[in-house]
Trainee: 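Provided herewith is a single structure, encoded as structure tokens, for subsequent inquiry.
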Amino acid sequence: MQRLLQLTLDLFDTAVAAPDPAPQEPPARAPRAKRATTPLKPGLGRAEHLDSVLVPASFRHPRANREAVLGDSVVAYEFRRARRRTIGFMVAPEGLTVSAPNWVPLYEVDAAVQGKSAWILRKLGDAHDRRQRTESARIDWRNGAVFPYLGEQVVVVLDPAHAFTEVGAVLRTDPRRVPGEPHHSLHLGLPHNAQAPQIRDAVQAWLMRQATRLFTERLEHFAPRLGVRWRKLVLSNAGTRWGTAHSDGVIRLNWRLIHFRLPVIDYVVAHELSHLRVMDHSPRFWETVSTVVPDYPELRAQLKGEALPPW
């Protein structure tokens, strides 16, 4: 059976790998200079260690086993040996991971970390800022809570009158819009004393129904224009991907795309459908995307830059 090919669109730009440096031959006799990177000693308290270097720690990986003083920051990172040719750097939401071949001595790893300090601090700072924005977007699920839907704000209204309706939720729009205030309200068929998990689950169920309907419409809109045929839509809840395209015509789209404006959703839909023509990210692929979404670079930036409420 022919193996299925799969292309993915990353969610949140969560893990960033630095370009591998050019491989270098180890020096015959390299001097062991004073290291700015040190292993974390078992049993050494965080405050005691930070006092010893007199620099406040800024970033710490949960599996950190080494530290580096980069500029005015302490970066505690995960160091591991790997079967690879060069030293590699990866910044993910949890922090920095450095991987090195078994034959590379630690002083070369230390030097490589120092050489990448500007890139490391920039990426760690970006990840920190994104976490801050995400936390600030966290929703307190109660009557009057506000959540994003198609780029606009919607207010939750607990309305037991809708408890026995077919869908248990009704979206209403107030034509008397007050600037700066949401003019959409979602009336949920829940009692006024409903708990936060009940409210959250009811809103999510409604959003997923809207996502199924809208994503199907957009797939039907773009597929003929791209000259492709899709077979099945699957809603995903992936933590790191907005969408996935399989060569057999199965399209997976993250239901949380429904939070974004329609043009952003259209970019992701067109992106995945374009993979049914070009199963890679070559220039020909991006040319295919641009035939139906010419402003995709701006929309792609919005997709990566906007912080959504955590679920």
Trainee: Measure the spacing between CG of Leu253 and OG1 of Thr244 and express it to the nearest 0.5 Å.
Mentor: 8.5 Å
Trainee: Output yes when a side-chain donor or acceptor of Ser117 lies under 3.5 Å from a complementary backbone atom of Val113, and no otherwise.
Mentor: no
Trainee: Does the side chain of Trp141 reach to within under 4.5 Å of the side chain of Pro197, using non-hydrogen atoms?
Mentor: no
Trainee: Is there side-chain contact between Arg66 and Asp110, with at least one heavy-atom pair below 4.5 Å?
Mentor: yes
Trainee: Is Leu188 close to Asp159 at the side-chain level, that is, under 4.5 Å between some pair of heavy atoms?
Mentor: no
Trainee: Is Trp286 linked to Val268 within one hydrophobic cluster, defined over Ile, Leu, Val, Met, Phe, Trp and Tyr using a side-chain heavy-atom separation of less than 4.5 Å?
Mentor: yes
Trainee: Which word best sums up how the rings of Tyr267 and His271 line up, parallel for under 30°, tilted for 30 to 60°, or perpendicular for over 60°?
Mentor: perpendicular
Trainee: Would you check if the side chain of His259 reaches a backbone N or O of Pro148 as a donor-acceptor pair within less than 3.5 Å?
Mentor: yes
Trainee: Are Val155 and Leu150 linked, directly or through other ILVMFWY residues, by side chains that come within less than 4.5 angstrom of each other?
Mentor: no
Trainee: Looking at Tyr149, Trp255, Trp242, which one forms a ring-ring contact (aromatic ring centres under 6.0 Å, His included) with Phe260?
Mentor: Trp242
Trainee: Is there a donor-acceptor contact under 3.5 Å linking the side chains of His275 and His281?
Mentor: yes
Trainee: What distance separates Glu272 CD from Arg241 CZ, expressed to the nearest 0.5 Å?
Mentor: 10.0 Å
Trainee: Quiz question: by atom type and distance under 3.5 Å, do the side chains of His184 and Gln153 form a donor-acceptor pair?
Mentor: no
Trainee: Got a donor-acceptor contact below 3.5 angstrom from the Arg81 side chain to the Pro101 backbone?
Mentor: yes
Trainee: Apply side-chain contact (heavy atoms from CB on, under 4.5 Å) to the pair Val74 and Phe59, showing each step before the final yes or no.
Mentor: CA-CA 7 Å; Val74 170; Phe59 307 101; over 6 Å; no
Trainee: For a quick test of reading the model, state the closest non-hydrogen atom pair linking Asn254 to Phe215 and the distance between them.
Mentor: O-CE1, 3.7 Å
Trainee: Is it true that Ser274 and Thr288 share a donor-acceptor pair across their side chains at a distance under 3.5 Å?
Mentor: no
Trainee: Do Trp230 and Val250 come within less than 4.5 Å of each other through their side chains, counting heavy atoms only?
Mentor: no
Trainee: How many angstroms lie between atom CZ of Arg83 and atom OG of Ser99, to the nearest 0.5 angstrom?
Mentor: 14.0 Å
Trainee: Can you tell if the side chain of Leu214 reaches within under 4.5 Å of the side chain of Ile258, non-hydrogen atoms only?
Mentor: yes
Trainee: Please report the closest heavy-atom contact between Ile199 and Leu190, naming both atoms and the distance.
Mentor: CA-CD1, 3.9 Å
Trainee: Report whether Trp119 and Tyr77 are members of the same hydrophobic cluster (ILVMFWY, side-chain heavy atoms less than 4.5 Å apart, transitive linking).
Mentor: yes
Trainee: Assess whether atom CZ of Arg213 is packed by more than 12 heavy atoms of other residues, nucleotides or ligands within 6.0 Å.
Mentor: yes
Trainee: For Arg261 and Pro263, indicate whether the former's side chain and the latter's backbone hold a donor-acceptor pair under 3.5 Å.
Mentor: no
Trainee: Just by distance, with hydrogens left out, do His187 and Ser185 show a side-chain donor and acceptor under 3.5 Å apart?
Mentor: yes
Trainee: Are Leu124 and Val75 side-chain neighbours, meaning at least one heavy-atom pair lies under 4.5 Å?
Mentor: yes
Trainee: Begin from the C-alpha positions of Phe79 and Thr97 and carry the test side-chain contact (heavy atoms from CB on, under 4.5 Å) through to its verdict.
Mentor: CA-CA 6 Å; Phe79 174 69; Thr97 296; over 6 Å; no
Trainee: Just by modelled atom types, is the Val69 backbone N or O under 3.5 Å from a matching donor or acceptor in the Gln114 side chain?
Mentor: yes
Trainee: Taking the basic N atoms (NZ, or NE/NH1/NH2) and the acidic carboxylate oxygens, is any pair closer than 4.0 Å for Arg60 and Glu67?
Mentor: yes
Trainee: Can you check whether His61's main-chain N or O pairs, donor with acceptor, with Glu94's side chain at less than 3.5 Å?
Mentor: no
Trainee: Say whether, by atom type as modelled, one donor and one acceptor occur between the side chain of Asn143 and the main chain of Leu158 under 3.5 angstrom.
Mentor: yes
Trainee: Using every non-hydrogen atom in the two residues, find where Pro191 and Pro160 come nearest and quote the distance to one decimal.
Mentor: CA-CG, 4.0 Å
Trainee: Here's a test for you: under side-chain contact (heavy atoms from CB on, under 4.5 Å), which of Val91, Leu121, Leu70 qualifies with Leu96?
Mentor: Val91
Trainee: Hey, can you pull the donor-acceptor pairs under 3.5 Å for the side chains in residues 218-229, sequence neighbours left out?
Mentor:
from: Arg218; atom 1: NE; to: Asp266; atom 2: OD1; distance (Å): 2.7
from: Arg218; atom 1: NH2; to: Asp266; atom 2: OD2; distance (Å): 3.1
from: His221; atom 1: NE2; to: Arg225; atom 2: NH1; distance (Å): 3.1

Trainee: Is there a continuous path of hydrophobic side-chain contacts, each under 4.5 Å between heavy atoms, that joins Val157 to Leu186?
Mentor: no
Trainee: Decide yes or no for Phe89 and Ile120: does some side-chain heavy atom of the first lie under 4.5 Å from some side-chain heavy atom of the second?
Mentor: yes
Trainee: Would Lys232 and Asp248 pass as an ion pair if we require N to O under 4.0 Å?
Mentor: no
Trainee: Does a side-chain heavy-atom distance below 4.5 Å link Leu235 with Thr212?
Mentor: yes
Trainee: Between atom NE2 of His192 and atom CZ of Arg142, what is the distance when rounded to the nearest 0.5 Å?
Mentor: 15.0 Å
Trainee: For the CD atom of Gln210 and the CG atom of Leu171, what is their distance to the nearest 0.5 Å?
Mentor: 7.5 Å
Trainee: Could you go through the side-chain contact (heavy atoms from CB on, under 4.5 Å) check for Val98 and Ile87 one step at a time?
Mentor: CA-CA 7 Å; Val98 180; Ile87 300 171; 3.9 Å; yes
Trainee: In the single-linkage hydrophobic clustering (I, L, V, M, F, W, Y; side-chain heavy atoms under 4.5 Å), do Leu262 and Leu207 co-cluster?
Mentor: yes
Trainee: List the steps and the verdict of side-chain contact (heavy atoms from CB on, under 4.5 Å) for Val156 and Val203.
Mentor: CA-CA 8 Å; Val156 172; Val203 172; 4.0 Å; yes
Trainee: Within this structure, what is the NZ-CZ distance for the pair Lys116 and Arg122, rounded to the nearest 0.5 Å?
Mentor: 9.0 Å
